[in-house]
Protein chains: 2
Amino acid sequence: MRYRTVIVDDHPIVISGIAGLLTDLNNIEIVKKFESGIALLDYIEDHHVDLILMDIFLPVINGVDLCKTIKQKHPKIVIIGMSSQSERSLVMQFIQNGGNGYILKNASFDEFKDCIYKAIDGEIVFSEEVKTIISQPLSEDLERIPALSRRERDIALLLSQGKSTQEIADDLFLSFLTVQTHRRNILQKYKMKNVAELIAFLLKNNMMN
Amino acid sequence: MRYRTVIVDDHPIVISGIAGLLTDLNNIEIVKKFESGIALLDYIEDHHVDLILMDIFLPVINGVDLCKTIKQKHPKIVIIGMSSQSERSLVMQFIQNGGNGYILKNASFDEFKDCIYKAIDGEIVFSEEVKTIISQPLSEDLERIPALSRRERDIALLLSQGKSTQEIADDLFLSFLTVQTHRRNILQKYKMKNVAELIAFLLKNNMMN
DNA sequence: CTTCTTTTACCTGATATCAGGTAAAAAAAA
DNA sequence: TTTTTTTTACCTGATATCAGGTAAAAGAAG
């Protein structure tokens, strides 16, 4: 069986580069190349596609939303995301929206080949550098960020649930003024302007739950 | 080479079950079994370990934090998470904290074997059911939740950056009162009590960025 | 046993949010 | 073209947050 494959990237040079790599694989057939996500959405309505390799940074519609849209209608299409540089949260978002894998464009030919075959086989795949990106914040990101104390975490959690200072005080059997102090200490510790920014910060850095 | 393996689970019966499965694998050597994470942390300071299979729901310290702690000191140890039931965000958190894979306990022997070998080989692995869990919310979660309009998304993003109503108005060249209206509409649309709860909701459902 | 961190608690004033209402122009969808 | 949604804008009052200060008791760490 030959896998009908589509490449989406807004840089024509990158498209031809990837296409060049893939022609060597005898069961991957490149049926179409696109420079925008909108054109791709039209195409897959009328044509059978097995595999999509897509850049994440696309004009008009970004790769994450594009992947989500495609997977809703065509869950069987295998979608692999690509980008030049990347960050942890972007990769995770892509996977959470149905992506079957993520490759950095500087990956070797062997990595590309490996990842594509494994993704077709039903696995969720990452190129080497992506793997280090998603599991490395441990040594940089998280070590320099001071941790929440137990009580602070309790209060942050209730804040994220929309509770007011008074409600939190009631929940934890504390004085209103105590909760107010804790909240202010947390805001100062991370230099956040208000609770909204704090919650966004804590969630993005996996510091809650 | 034999991989020195440790199993951590607070249910002794589960430990022996997994141990039974793994004795058939001739390059996996089970060197220790623990019922708590604290005991494990002590052990790995003095003993060489290659692979850890750990339950996510553990007393005292949970699996995600345990994984994070271990990986900070011993990044080369391969850690695979396990649980009976699971949800998307938990799996993603585990991976983001350095986990090399996640298996549901109802996985078949072959799945266990496959995942373990691939994880040792440097891949990030998921058992079949986990794969469906992390990419399926598309059909349930996201379809019934109304979307943010473009302007609402702009405002939500600025709110998550800690901006006040006035600052947002200035940034977007709008009236203070307009921004106030948008913010109220967003809160009502998702039935949120305040901006803190809103931001938590939007981030958890991948509705920002 | 001393030191540092955490948790608890109080006071005040300025500013911001939240909840209720209304409404018209602009844009998108039918 | 008509209808619906989105974006824009205004008014008011009650309540909550934020920022500044202080400080004692309890617990953890050295």
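Sequence lines set the chain letters: A, B, ... in the order given, protein chains first and strands last, and positions in each chain run from 1. Keep in mind that this is a model prediction, so the values were computed, not measured.
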| request: Indicate whether the side chain of B/Glu152 and that of B/Asn185 have a donor and an acceptor atom separated by less than 3.5 Å. | output: no
| query | Taking atom types as modelled, is there a side-chain donor on A/Asn100 or A/Lys71 under 3.5 Å from an acceptor on the other? | reply | yes
| query | With distance as the sole criterion, do the side chain of B/Ser175 and the base of D/dC10 form a donor-acceptor contact below 3.5 Å? | reply | no
| query | To the nearest angstrom, how far is B/Ile199 atom CD1 from C/dT17 atom C1'? | reply | 14 Å
| task | Tell me which of B/Asn194 and B/Ile155 sits closer to the 5' end of DNA chain D, going by the nucleotide each one is nearest to. | result | B/Ile155
| task | Pick base, sugar-phosphate or nothing for A/Gln180, based on heavy-atom distances below 4.0 Å to the nucleic acid. | result | base
| query | Which is true for B/Arg150 with a 4.0 Å heavy-atom rule: it touches a base, it touches only sugar-phosphate, or it touches nothing? | reply | sugar-phosphate
| Within the side chain of A/Asn97, is there an N or O that forms a donor-acceptor pair under 3.5 Å with the backbone of A/Gln93? | yes
| said: For A/Lys193, is the NZ atom crowded, meaning more than 12 foreign heavy atoms sit under 6.0 Å from it? | reply: yes
| query | Could you give the CD1-to-C1' distance, from A/Ile186 to D/dT17, as a whole number of Å? | reply | 14 Å
| said: Students often mix this up, so state it plainly: with edges at 30° and 60°, are the rings of A/Tyr190 and A/Phe201 parallel, tilted or perpendicular? | reply: tilted
| query | From the list D/dT7, C/dC10, D/dA9, which nucleotide is the closest neighbour of the side chain of B/Asn185? | reply | D/dT7
| query | To the nearest angstrom, how far is A/Phe176 atom CZ from C/dA9 atom C1'? | reply | 13 Å
| said: Expressed as a whole number of angstroms, how long is the span from A/Arg153:CZ to C/dT6:P? | reply: 12 Å
| task | Could you check whether A/Arg184 gets within reach of a base, just the sugar-phosphate, or nothing at all, counting any heavy atom under 4.0 Å? | result | base
| note | From the candidates D/dC18, C/dT17, D/dT6, the one with an atom nearest any side-chain atom of B/Ser149 is D/dT6
| note | Among C/dT8, C/dT7, D/dC18, the one nearest any side-chain atom of A/Val195 is D/dC18
| field | Protein-nucleotide distance (A/Leu172, atom CG; C/dT7, atom P), rounded to Å | value | 11 Å
| said: Just to be sure I understand the rule, does A/Thr178 reach a base, reach only the sugar-phosphate, or reach nothing, if contact means heavy atoms closer than 4.0 Å? | reply: base
| request: Output yes when B/Asp170 and B/Lys163 qualify as a salt bridge under the 4.0 Å nitrogen-oxygen rule, no when they do not. | output: no
| Which angle, rounded to 10°, do you find between the first-five-pair axis and the last-five-pair axis of the helix from C/dC1-D/dG30 to C/dA30-D/dT1? | 80°
| query | Taking atom P of D/dT15 as reference, at what distance in whole Å does atom CD of A/Gln166 sit? | reply | 13 Å
| message | Rounded to whole Å, how long is the line connecting atom NE2 of B/His182 with atom P of D/dA9? | response | 8 Å
| Side-chain touch B/Ile79/B/Met54, heavy atoms, less than 4.5 angstrom | yes
| said: Could you tell me how far apart A/Leu177 (CG) and D/dA16 (P) are, to the nearest whole angstrom? | reply: 14 Å
